[in-house]
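Notes follow the structure.
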Amino acid sequence: MWSFLLCLFYFSIFPLDCCELRFGHLSQTNAASGRETLNGLNIAINDFNTRLMNDNLNLFPYLINNNCTLYMNIAETASSNKLTITNGLEYASNFNNYNFSIPILFGMQYSSLSSLLSPLVEAFDLLHLSGSATSTFLTSYSNFYRSIIDDDIQSLSLIKLCKHFNWNNIGVIHMSSSYGNSLGKSLIEYGKEFNISVQTFTYIDGDDTTIYDVAESMKSSNLYIFILVIYENDWILLTQYLSSDTINMIGYPYYYIGTDSLFFKDTFVINPILNN
């Protein structure tokens, strides 16, 4: 939603002759973050256009006074590397054909996919705006902007939380990706600063074998506090393993701390184990 407001702010600063304001969005509706982002954008656009017709929105006077209307062009990536590059290239190379009003592409909730998109978009002198890609690696791209805190700030907050509760030995479960590796590394570094021992458990996104291996390693680690740098589908699978009779790590005395990748209502609504 904040990315959307930044887009409107851009329109207000750089007035355009055409008031059919169009922008492109690369979506990931197979992921909870992608579904909520797309839903939020649709609600915001419909709300803006409705308020425009009713003439009761004063936040962006230029847009209102010129009867501007917002439109969003959507390209689905299904969190695929190939579709992210293909659709990103299609948008960037045919920018004018889509009649986009501003040189900004929305999208890619995952940091790993944003890392693929940003250099491509940069090559066409466009801007990339994400509402949930947090990897500090992305700051190396001058064209990348986000409306969420980066992993460095998030990891410091998590370590301070653990310190507050005297949790001096913790585990971090993270996927092997730009996002997972970045946040995992940052948690280890801040852990050393606050004298907290951090043990990492790495898996491959969507891979049953490595997720099961992580569950077994967690059981043998004798740890009780775990930070989850994990996507919702992998978390569902991991909870199935953790709740098995052989591992049995759901419920007291085990605590699981979610990161930004799990702060979506779908994550808990579609997880039958957590629902129960």
Side-chain angles (χ1 to χ4, degrees), residues 1-16 18 20-29 31-48 59-60 62-63 68-79 81 83-96 98-154 178-179 182 260-261 263-264:
M1 187 68 72
W2 287 110
S3 297
F4 172 77
L5 291 175
L6 289 175
C7 181
L8 289 180
F9 184 65
Y10 182 98
F11 284 136
S12 296
I13 295 177
F14 302 102
L16 303 170
C18 174
E20 288 187 352
L21 308 179
R22 299 180 182 273
F23 62 92
H25 173 59
L26 293 165
S27 184
Q28 298 172 238
T29 56
S33 57
R35 290 190 294 275
E36 292 198 18
T37 297
L38 182 59
N39 183 56
L41 284 170
N42 280 322
I43 291 174
I45 290 171
N46 290 334
D47 183 63
F48 178 86
L59 186 57
F60 303 100
Y62 173 84
L63 303 182
C68 298
T69 306
L70 297 175
Y71 296 92
M72 176 172 59
N73 191 291
I74 303 169
E76 178 58 50
T77 68
S79 301
N81 290 354
L83 286 177
T84 297
I85 294 174
T86 301
N87 291 334
L89 182 60
E90 167 65 18
Y91 270 171
S93 60
N94 294 292
F95 187 85
N96 292 329
Y98 283 97
N99 295 317
F100 291 147
S101 306
I102 56 172
I104 297 177
L105 290 182
F106 279 87
M108 306 335 301
Q109 282 68 51
Y110 293 174
S111 293
S112 55
L113 296 177
S114 287
S115 297
L116 293 176
L117 181 63
S118 266
L120 187 154
V121 172
E122 190 174 45
F124 287 87
D125 292 326
L126 303 176
L127 300 179
H128 175 201
L129 182 58
S130 173
S132 55
T134 57
S135 173
T136 52
F137 173 76
L138 289 163
T139 57
S140 62
Y141 297 113
S142 59
N143 70 316
F144 176 79
Y145 296 89
R146 56 178 145 225
S147 55
I148 187 173
I149 62 172
D150 64 32
D151 290 337
D152 191 60
I153 298 175
Q154 181 175 197
S178 174
Y179 165 65
S182 171
D260 65 291
S261 60
F263 288 158
F264 301 97

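Just so it is clear, the model here is predicted, and its values are computed rather than measured.
- Residues A92 and L120 come closest through the heavy atom pair CB-CD2, 4.1 Å.
- Taking each heavy atom of L113 and S79 in turn, the nearest pair found is CD1-CA, 3.5 Å.
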Start with the C-alpha gap between F144 and T139, add the side-chain angles, then the distance that decides, and say whether side-chain contact (heavy atoms from CB on, under 4.5 Å) holds. CA-CA 7 Å; F144 176 79; T139 57; 5.8 Å; no

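- Under the 3.5 Å distance criterion, with hydrogens and angles disregarded, no donor-acceptor pair is assigned to the side chains of Q154 and D150.
- Counting all heavy atoms, side chain and backbone alike, L138 lies closest to A133 at CD1-CB, 3.7 Å.
- Distance alone, capped at 3.5 Å, places no donor-acceptor pair between the T84 side chain and the T77 backbone.
- Side-chain contact check for F137 versus S111: every heavy-atom pair is 4.5 Å or farther apart.
- Residues F124 and L89 meet the side-chain proximity criterion, which asks for heavy atoms closer than 4.5 Å.
- Separating the OG atom in S118 from the CG atom in L127 is a distance of 10.0 Å, to the nearest 0.5 Å.
- You'll find the side chain of S112 stays beyond 4.5 Å of the side chain of Y179, heavy atoms only.
- Residue H25 holds its NE2 atom at 6.5 Å from CD1 of I74, rounded to the nearest 0.5 Å.
- Between Y91 and L126 the shortest side-chain heavy-atom distance does not fall below 4.5 Å.
- Scanning both residues, Y141 and S115, for their nearest heavy atoms gives OH-O, 3.8 Å.
- Taken to the nearest 0.5 Å, the CG atom of L26 stands 10.5 Å off from the CD atom of E90.
- Here the side chain of N87 pairs a donor or acceptor atom with the backbone of E76 at under 3.5 angstrom.
- Here the side chain of R146 pairs a donor or acceptor atom with the backbone of S135 at under 3.5 angstrom.
- Between the side chains of D152 and T136, no donor N or O sits under 3.5 Å from an acceptor N or O.
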